[in-house]
Number of protein chains: 2
Amino acid sequence: MGLQLTRGGEYAIRAMTYLARYPEGHVASLRDIGRAQEIPESFLAKILQSLVHAGLAVSQRGAHGGFALARPAEQITMRDVIEAVDGPISVNLCTLDPEECKRSSTCEVHKAWLRAQEQLMDVLGGVTLKSLAPQPVA
Amino acid sequence: MGLQLTRGGEYAIRAMTYLARYPEGHVASLRDIGRAQEIPESFLAKILQSLVHAGLAVSQRGAHGGFALARPAEQITMRDVIEAVDGPISVNLCTLDPEECKRSSTCEVHKAWLRAQEQLMDVLGGVTLKSLAPQPVA
DNA sequence: GCCAACAGGACCGTTTCACTCCGGTCTCGA
DNA sequence: TCGAGACCGGAGTGAAACGGTCCTGTTGGC
Ligand code: SF4
Ligand code: SF4
């Protein structure tokens, strides 16, 4: 199996959709999220840190602290989330930076990968957390 | 960087497009292919074996032996080649076999991944070696 | 000041990646 | 017939990535 998402990316999306189910600004603790979405808590900690660093989530320390979305759920896409934890999506060496392969200027295959990449980005960039969340919870 | 093709997959496509430049049935040796496409030869050996096993290439042993496409270049796609060496393409756990994740039946994210997978397959399955080969060499 | 909760960095076992090596086998052709 | 040329196939390998864990801060509410 190739071309597959990492576990970290999958968990990140689960965590973010969990937050998206609640009203804007709702804070949930690491533990809440981990329990609800069945994500190992110590691993989730790392993932949430990445999301905070990327500016997609905000954290609140101290008692009653936790995590919340940094902006409305309709303004965060699957692509944003995945790239925050796994780094930029690049379906082949040459799709992120054509300089990586000296053949790229004349390579027909390169063009095919660019199309593939674009399609993938379109799908992932077109899905917002809002559209992923089940009926909101009050 | 996530969701990226392996080197093996990339090399496989290079090797196959090399074969596709020649008239049907043309045999090229491991060494020829490796030199022309700048692929480490001992690694290429493994890759070509996978392609032969998958029925995409045929091999000829003994002096003047080598490899050739098993069918016309217009009947082999990028998808075929990649799956032969890297195994089935699956963009997430749940896209190959929904049973892998018990959430899949109700998961909205799952549907998004299915769309992404389909788009990717469409692109890769729509590109034949014929269309990738530069002007054929006599 | 205590306790709840995140921050951040070190660590770690396993798997995958990207190759390499080598003995074996087949085949042509001199 | 015999040997050089070429693939077969399985084992091995070093480095890196994956998928976590742990532990010591630090912060903030009550
Ligand atoms: S697809 Fe073409 S340009 Fe891209 S890495 Fe392969 S050879 Fe280079
Ligand atoms: S996307 Fe949904 S169905 Fe697929 S693995 Fe993640 S949770 Fe499971």
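A note on names: the letters A, B, ... follow the listed sequences, proteins ahead of strands, and every chain is numbered from 1. Remember, predicted model here, so these are calculated numbers, not experimental data.
- B:S90 and B:T95 are linked by a side-chain donor-acceptor pair at a separation below 3.5 angstrom, with hydrogens and angles left out of the test.
- Within 4.0 Å (heavy atoms only), A:S42 reaches at least one base atom of the nucleic acid.
- No side-chain heavy atom of B:Q75 sits under 4.5 Å from any side-chain heavy atom of B:K130.
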* side-chain contact (heavy atoms from CB on, under 4.5 Å) evaluation trace for B:L69 with B:E24 -> CA-CA 7 Å; B:L69 298 183; B:E24 204 177 322; over 6 Å; no
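- Following rounding to the nearest Å, A:R31 (CZ) and C:dA5 (P) show an atom-to-atom distance of 7 Å.
- Each of A:H53 and A:H64 has a nearest nucleotide on DNA chain C; the 5'-most of these lies closest to A:H64.
- In terms of hydrophobic clustering, with Ile, Leu, Val, Met, Phe, Trp and Tyr side chains grouped at heavy-atom distances under 4.5 Å, B:L114 and A:L120 are assigned to different clusters.
- For the pair B:F67 CZ and C:dC26 C1', the computed distance is 13 Å after rounding to whole Å.
- Here the P atom of nucleotide C:dA4 and the CD atom of A:E41 are 15 Å apart, to the nearest Å.
- Atom CZ in B:R61 sits about 14 Å away from atom P in C:dG24, given to the nearest Å.
- Among the protein residues, A:L48 comes within range of no part of the nucleic acid, since none of its heavy atoms lies under 4.0 Å from any strand.
- Here C:dC26 presents its C1' atom at 10 Å from CD of B:Q60, a figure rounded to the nearest Å.
- Taking the charged nitrogens against the carboxylate oxygens, A:E38 and B:K102 do have a contact shorter than 4.0 Å, which makes a salt bridge.
- Residue B:A45 is the one, among A:G62 and B:A45, whose nearest nucleotide of DNA chain D lies closer to the 5' end (criterion: closest heavy atom).
- Reading DNA chain D from its 5' end, the first and the last nucleotide to sit under 4.0 Å from a heavy atom of chain B are D:dG5 to D:dG10.
- The CG-P distance, from A:L44 to C:dA5, rounds to 14 Å in whole Å.
- Side-chain atoms of B:Q4 and A:N92 form no donor-acceptor pair, as typed in the model, at a separation below 3.5 Å.
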* To do: Using a 4.0 Å heavy-atom cut-off, write out nucleotides 9-18 of chain C from 5' to 3' as B (base contacted by protein), S (sugar-phosphate only) or - (no contact).
  => B-------SS
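- Residues B:I76 and B:L56 share a closest heavy-atom pair of CD1-O, 3.8 Å.
- Between B:Y22 and B:H26, the two ring planes are parallel [angle under 30°; tilted spans 30° to 60°].
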* Asked: Under the side-chain contact (heavy atoms from CB on, under 4.5 Å) criterion, do A:I33 and A:L48 qualify, and how do the steps go?
  -> CA-CA 10 Å; A:I33 303 171; A:L48 286 167; 4.2 Å; yes
